[in-house]
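The block underneath contains the structure these notes are about, expressed in structure tokens.
If you read the sequence from its start, that first residue is 1, and numbering goes on from there.
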Amino acid sequence: DFDDCVKRKADDYNIVMIFDNSESQLTTDPTSVRRIAAMDFVRTWAGFTDRNPGTRVNLAVIAFNDRVLFSSSFTRLSGATRQQVICEVDRATTAPQGFTAYTPPLKEADRLLGQINVSTRAANYVIFLTDGEPNALKFNSSVTNESTNEILGGTKALINNHKANFFVIA
């Protein structure tokens with residue numbers, strides 16, 4: 001059962017959801033499957049916190065293209081805050097535009113996780129939803145080139161600095 005599995009892993013969950021909101025989303029996700037799935041994810045965790053008040057779930061949302069478009073601070077998830085977080089997911093996945101660069105949202109996730117108070121039984125998660133590779137330099141000469149090492153460095157910082165579990169959904 002979901003509740004038993006989650007309670008065994010940690011007392012606190014700090015989750016950062018990062019959404020690629022570049023223009024390619026118009027063709028790779030025309031029916032907004034990622035938005036619908038993310039909203040279901042929020043509803044599931046809000047229900048969990050209502051049933052298990054001793055467990056805290058903090059959720060932050062980041063939207064990006066070749067820069068960070070939107071970043072929310074962590075919200076303690078509950079039935080009462082569920083709609084606020086769903087609105088943040090909606091905002092993060094509306095009106096895709098621009099190109100794709102991974103370094104800005106990875107740095108923002110690092111900053112957010114650095115600000116949260118972490119208990120000894122906390123689990124940090126970064127969920128990165130994208131449809132492809134960074135392409136900002138290819139189309140926009142004002143954007144600096146992202147090397148694979150920079151992207152891996154940002155990912156390693158999240159894992160090493162914050163013991164974050166990192167998931168990429170493409």
Side-chain angles (χ1 to χ4, degrees), residues 13-46 57-78 80-117 124-162 164-170:
Y13 288 85
N14 303 309
I15 303 168
V16 180
M17 295 181 77
I18 303 174
F19 293 92
D20 177 347
N21 205 33
S22 62
E23 192 170 328
S24 61
Q25 296 300 318
L26 294 171
T27 55
T28 60
D29 189 17
T31 59
S32 299
V33 171
R34 67 198 169 106
R35 177 186 309 156
I36 294 164
M39 290 178 179
D40 285 345
F41 179 87
V42 170
R43 287 184 194 98
T44 298
W45 280 93
V57 177
N58 302 301
L59 201 130
V61 176
I62 299 170
F64 75 97
N65 54 23
D66 56 15
R67 60 188 166 81
V68 172
L69 299 169
F70 167 77
S71 177
S72 72
S73 57
F74 278 101
T75 300
R76 185 165 176 186
L77 194 57
S78 67
T81 61
R82 174 183 57 221
Q83 194 58 40
Q84 172 191 341
V85 177
I86 286 174
C87 287
E88 291 169 356
V89 168
D90 187 56
R91 180 178 174 192
T93 56
T94 301
Q97 60 183 319
F99 307 108
T100 307
Y102 289 166
T103 304
L106 292 172
K107 287 182 178 179
E108 179 63 7
D110 185 46
R111 185 188 72 78
L112 288 170
L113 284 168
Q115 292 178 340
I116 193 91
N117 292 327
N124 295 328
Y125 291 90
V126 175
I127 302 170
F128 195 92
L129 295 103
T130 186
D131 65 350
E133 296 180 9
N135 64 0
L137 181 66
K138 181 177 177 181
F139 298 104
N140 184 349
S141 61
S142 67
V143 176
T144 59
N145 189 15
E146 283 190 306
S147 71
T148 303
N149 288 338
E150 286 175 309
I151 295 167
L152 290 174
T155 306
K156 286 179 183 176
L158 290 168
I159 294 167
N160 295 335
N161 297 344
H162 308 291
N165 298 285
F166 194 86
F167 298 95
V168 176
I169 301 170

What pair of heavy atoms forms the shortest contact from [X] to [Y], and how long is it?
X: Ala109; Y: Val16; answer: CB-CG1, 4.1 Å
X: Leu112; Y: Ala60; answer: CD1-CB, 3.9 Å
X: Ser78; Y: Ala46; answer: O-CB, 3.7 Å
X: Ser22; Y: Gly98; answer: CB-O, 3.6 Å
X: Pro104; Y: Ala101; answer: CD-O, 3.7 Å

Any chance you could measure [X], atom [atom1], to [Y], atom [atom2], to the nearest 0.5 Å?
X: Thr130; Y: Arg34; atom1: OG1; atom2: CZ; result: 9.0 Å
X: Leu77; Y: Gln84; atom1: CG; atom2: CD; result: 9.5 Å
X: Leu59; Y: Phe74; atom1: CG; atom2: CZ; result: 7.5 Å
X: Ile18; Y: Leu106; atom1: CD1; atom2: CG; result: 5.5 Å
X: Cys87; Y: Met39; atom1: SG; atom2: CE; result: 7.5 Å
X: Thr27; Y: Asp131; atom1: OG1; atom2: CG; result: 7.0 Å

Any non-hydrogen side-chain atom of [X] less than 4.5 Å from a side-chain atom of [Y]?
X: Thr93; Y: Asp29; answer: no
X: Thr100; Y: Phe64; answer: yes
X: Asn65; Y: Glu23; answer: no
X: Leu69; Y: Arg67; answer: yes

### Task
Answer yes or no: is there an ion pair linking Arg111 with Glu108, defined by an N-O contact shorter than 4.0 Å?
yes

### Message
Whether Asp40 and Arg43 form a salt bridge (side-chain N of Lys/Arg under 4.0 Å from carboxylate O of Asp/Glu) is what I want to check.
### Response
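Salt bridge flag = yes for Asp40 with Arg43.
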
### Query
Mind checking what makes salt bridge (Lys or Arg N to Asp or Glu O under 4.0 Å) contact with Arg35, not counting sequence neighbours?
Asp90

### Exam field: side chain Asn21 to backbone Gln97, donor-acceptor pair closer than 3.5 Å
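Checking the backbone N and O of Gln97 against the side chain of Asn21, no donor-acceptor pair under 3.5 Å is found.
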
### Query
Any donor-acceptor pair under 3.5 Å linking the side chain of Arg76 with the backbone of Thr81?
no

### Candidate list Val126, Val57, Val61, test side chain to side chain contact (heavy atoms under 4.5 Å, CB included), partner Ile15, passing option
Val57

### Message
For Glu88 and Ile86: C-alpha separation, side-chain torsions, deciding distance, then whether side-chain contact (heavy atoms from CB on, under 4.5 Å) applies.
### Response
CA-CA 5 Å; Glu88 291 169 356; Ile86 286 174; over 6 Å; no

#### Entry: From CA spacing to verdict: side-chain contact (heavy atoms from CB on, under 4.5 Å), Met17, Phe41
CA-CA 10 Å; Met17 295 181 77; Phe41 179 87; 3.8 Å; yes

### Task
Using the six-membered ring wherever Trp is involved, compare the ring planes of Trp45 and Tyr13 and label them parallel, tilted or perpendicular (cut-offs 30° and 60°).
tilted

